[in-house]
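First comes the structure, then the notes that go with it.
Sequential numbering from 1 along the given sequence is applied to the chain's residues.
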Amino acid sequence: MKTSVFLGALTVAGIVAGGAAAATMDEVKARGKLNCGVTTGLVGFAAPDSNGNWEGFDVDVCRAVAAAVLGDPQAVEFVPTTGKTRFTALASGEIDMLARNTTWTFSRDVDLKFTFVGVNYYDGQGFMVPKDLGVSSATELDGATVCIQTGTTTELNLADYFRSNNISYEPVPIETNAEAQQQYLAGACDVYTTDASGLAATRATFEAPGDHVLLPEIVSKEPLGPLVRHGDNEWGDVVRWTLNALITAEELGVTSANIADMSAAPGNNPEINRLLGTEGTLGEMLGLSADWAKNAIAAGGNYGEVFEKNIGEATPIGLSRGLNAQWTDGGLLYSPPFR
């Protein structure tokens with residue numbers, strides 16, 4: 001889900017300028033806990049289970065970073081944020097990083113003073129409607145009421161799409177995905193629009209998912225990924241290369257099942273050895289232990305394992321890899337080399 005530049009860019013930028021943290025990693029180590037911003041609840045990506053334990057695709061990124069820095073994937077405080085509050089939470093230092101299906105855009109990077117450390121999900125904005133509405137294309141939605149989260153780039157994309165197709169709509173503003181789901185199912189809006197992955201995740205929670213369809217149109221580019229504050233390059237490197245470690249592990253065939261054996265008996269692949277810390281000094285360069293990446297990967301598995309466990313085709317959400325396949329399989333996942 002993505003949040004717009006309406007959001008008081010000057011206010012957020014001012015907070016960053018006034019209280020820029022230059023030593024987040026030191027603070028995290030001293031605290032013994034990572035404060036990670038997540039969504040208020042999106043099944044498959046970030047949501048608490050019946051026991052209050054957070055789980056999901058974005059949650060596993062937080063846990064991997066905690067494992068890399070602190071050696072413990074459970075040493076995380078999850079801070080729920082809305083589309084409106086997430087950037088202020090990061091800028092003010094309430095959270096150390098944001099892992100909350102947030103779109104990398106020019107203004108967020110440059111004007112709001114955040115650093116996106118990579119993309120963990122390539123997405124695009126879509127539309128969900130009740131099957132009995134009888135439409136098969138977003139171009140047939142003239143005059144529709146549309147549930148849309150406030151403070152998101154979704155608002156801008158929606159306005160652009162309807163304007164370019166010369167059709168009208170009536171927005172129904174909502175704050176959270178839970179509210180959107182409630183309003184949509186109650187018939188307060190004809191359509192719910194957000195990232196296509198979010199629509200699939202939301203539909204999976206319905207009592208009758210088959211009564212709702214995702215229209216074929218994808219009307220935007222939404223590269224989603226974790227972000228940190230500008231000016232704290234050391235911390236940015238840690239979060240960036242933790243994500244890259246999960247991606248590279250999948251490419252090289254390192255999994256949660258074989259990582260212990262690979263570490264105990266290093267093979268003849270130098271990049272795997274460098275990744276796992278049995279060769280070279282990559283951990284030292286980051287200010288971390290030699291086994292930082294091993295710990296990150298062991299926390300929840302490599303990128304492919306994290307994807308399949310939380311949102312893959314065997315889950316109720318049922319997402320295919322698509323653009324999120326490895327570059328070797330025709331997707332966009334591509335990590336710089338570990339050397």
Side-chain angles (χ1 to χ4, degrees), residues 24-25 28 34-39 44-46 54 56-71 73 75-76 78 90 95-104 108-109 114-123 197 222-230 232-252 254-256 259 271-272 274-277 282-283 285-288 291-311 321 323-328 331-339:
T24 303
M25 186 159 72
V28 171
L34 172 71
N35 293 332
C36 198
V38 291
T39 183
F45 285 88
W54 284 84
F57 184 74
D58 292 327
V59 164
D60 279 350
V61 173
C62 301
R63 294 201 187 280
V65 172
V69 177
L70 301 170
V76 186
F78 293 101
L90 180 59
I95 56 178
D96 305 309
M97 60 177 285
L98 184 63
R100 187 202 175 282
N101 54 339
T102 298
T103 304
W104 188 348
R108 291 171 182 177
D109 192 322
F114 296 122
T115 296
F116 285 80
V117 300
V119 176
N120 71 329
Y121 193 91
Y122 290 92
D123 210 345
S197 64
E222 308 295 338
L224 311 178
L227 56 155
V228 298
R229 290 177 289 277
H230 265 190
D232 197 350
N233 295 335
E234 180 185 32
W235 179 243
D237 286 344
V238 168
V239 181
R240 175 182 299 108
W241 284 98
T242 298
L243 174 59
N244 285 336
L246 303 186
I247 293 170
T248 294
E250 181 184 22
E251 179 186 344
L252 298 179
V254 179
T255 71
S256 57
I259 193 168
E271 187 161 23
I272 291 178
R274 288 191 294 268
L275 177 69
L276 301 183
L282 299 189
M285 294 178 197
L286 281 174
L288 299 175
D291 59 357
W292 67 277
K294 173 192 170 184
N295 293 336
I297 298 159
N302 64 34
Y303 179 93
E305 291 178 282
V306 171
F307 188 104
E308 294 305 329
K309 172 181 66 176
N310 291 298
I311 58 176
R321 288 292 292 268
L323 296 178
N324 297 291
Q326 288 280 342
W327 66 283
T328 49
L332 297 180
L333 278 196
Y334 187 108
S335 166
F338 277 72
R339 63 166 55 254

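Contact between Ile297 and Ala249 at its shortest, heavy atoms only, is CD1-CB, 3.7 Å. Across every non-hydrogen atom of Ala99 and Cys62, the tightest pair is CB-SG, 3.7 Å. Counting all heavy atoms, side chain and backbone alike, Asn310 lies closest to Gly56 at OD1-CA, 3.3 Å. Across all non-hydrogen atoms, the minimal contact from Ala245 to Ala293 is CB-CB, 4.1 Å.
The shortest side-chain heavy-atom distance between Pro226 and Leu243 falls under the 4.5 Å cut-off. Inter-residue side-chain proximity for Val228 and Asp96 is flagged as unmet; no heavy-atom pair is nearer than 4.5 Å. Counting only heavy atoms from C-beta outward, the side chains of Phe45 and Thr39 never approach each other to under 4.5 Å. Side-chain atoms of Arg339 and Arg274, non-hydrogen and from C-beta on, do get closer than 4.5 Å to each other.
Contacts of Trp241 classified as ring pair (Phe, Tyr, Trp, His ring centres under 6.0 Å), with partners at least two apart in sequence or in another chain: Phe338. Under the rule for a side chain to side chain donor-acceptor pair (under 3.5 Å), the partners of Arg240 that lie at least two apart in sequence or sit in another chain are Asp237. Partners of Tyr122 according to the ring pair (Phe, Tyr, Trp, His ring centres under 6.0 Å) rule, which considers only residues two or more places apart in sequence or in another chain, do not exist here.
Side-chain contact annotation: Ser256 with Glu305, donor-acceptor N/O pair under 3.5 Å present.
Taken from CG in Leu224 to CZ in Arg100, the straight-line distance is 10.5 Å, to the nearest 0.5 Å. The line from CD of Glu250 to CG of Leu252 is 10.0 Å long, rounded to the nearest 0.5 Å. Considering CZ of Phe57 and NZ of Lys309, their distance stands at 11.0 Å, rounded to 0.5 Å. Atom OG1 of Thr24 is separated from atom CG of Asn35 by 10.5 Å, given to the nearest 0.5 angstrom. Atom CG of Asn233 and atom OG1 of Thr115 lie 7.0 Å apart (nearest 0.5 Å). With values rounded to the nearest 0.5 angstrom, Tyr303 atom OH is found 13.5 Å from Glu251 atom CD.
Considering Val28, Val65, Val76, Leu288 in turn, Val28 is the only one that fulfils the side-chain contact (heavy atoms from CB on, under 4.5 Å) rule with Leu70. With Val69 as the fixed residue, the side-chain contact (heavy atoms from CB on, under 4.5 Å) test singles out one of Asn295, Val239, Val238, Thr242: Val238.
Asp123 places a side-chain N or O within 3.5 Å of a backbone atom of Ser197 that can act as its donor or acceptor partner.
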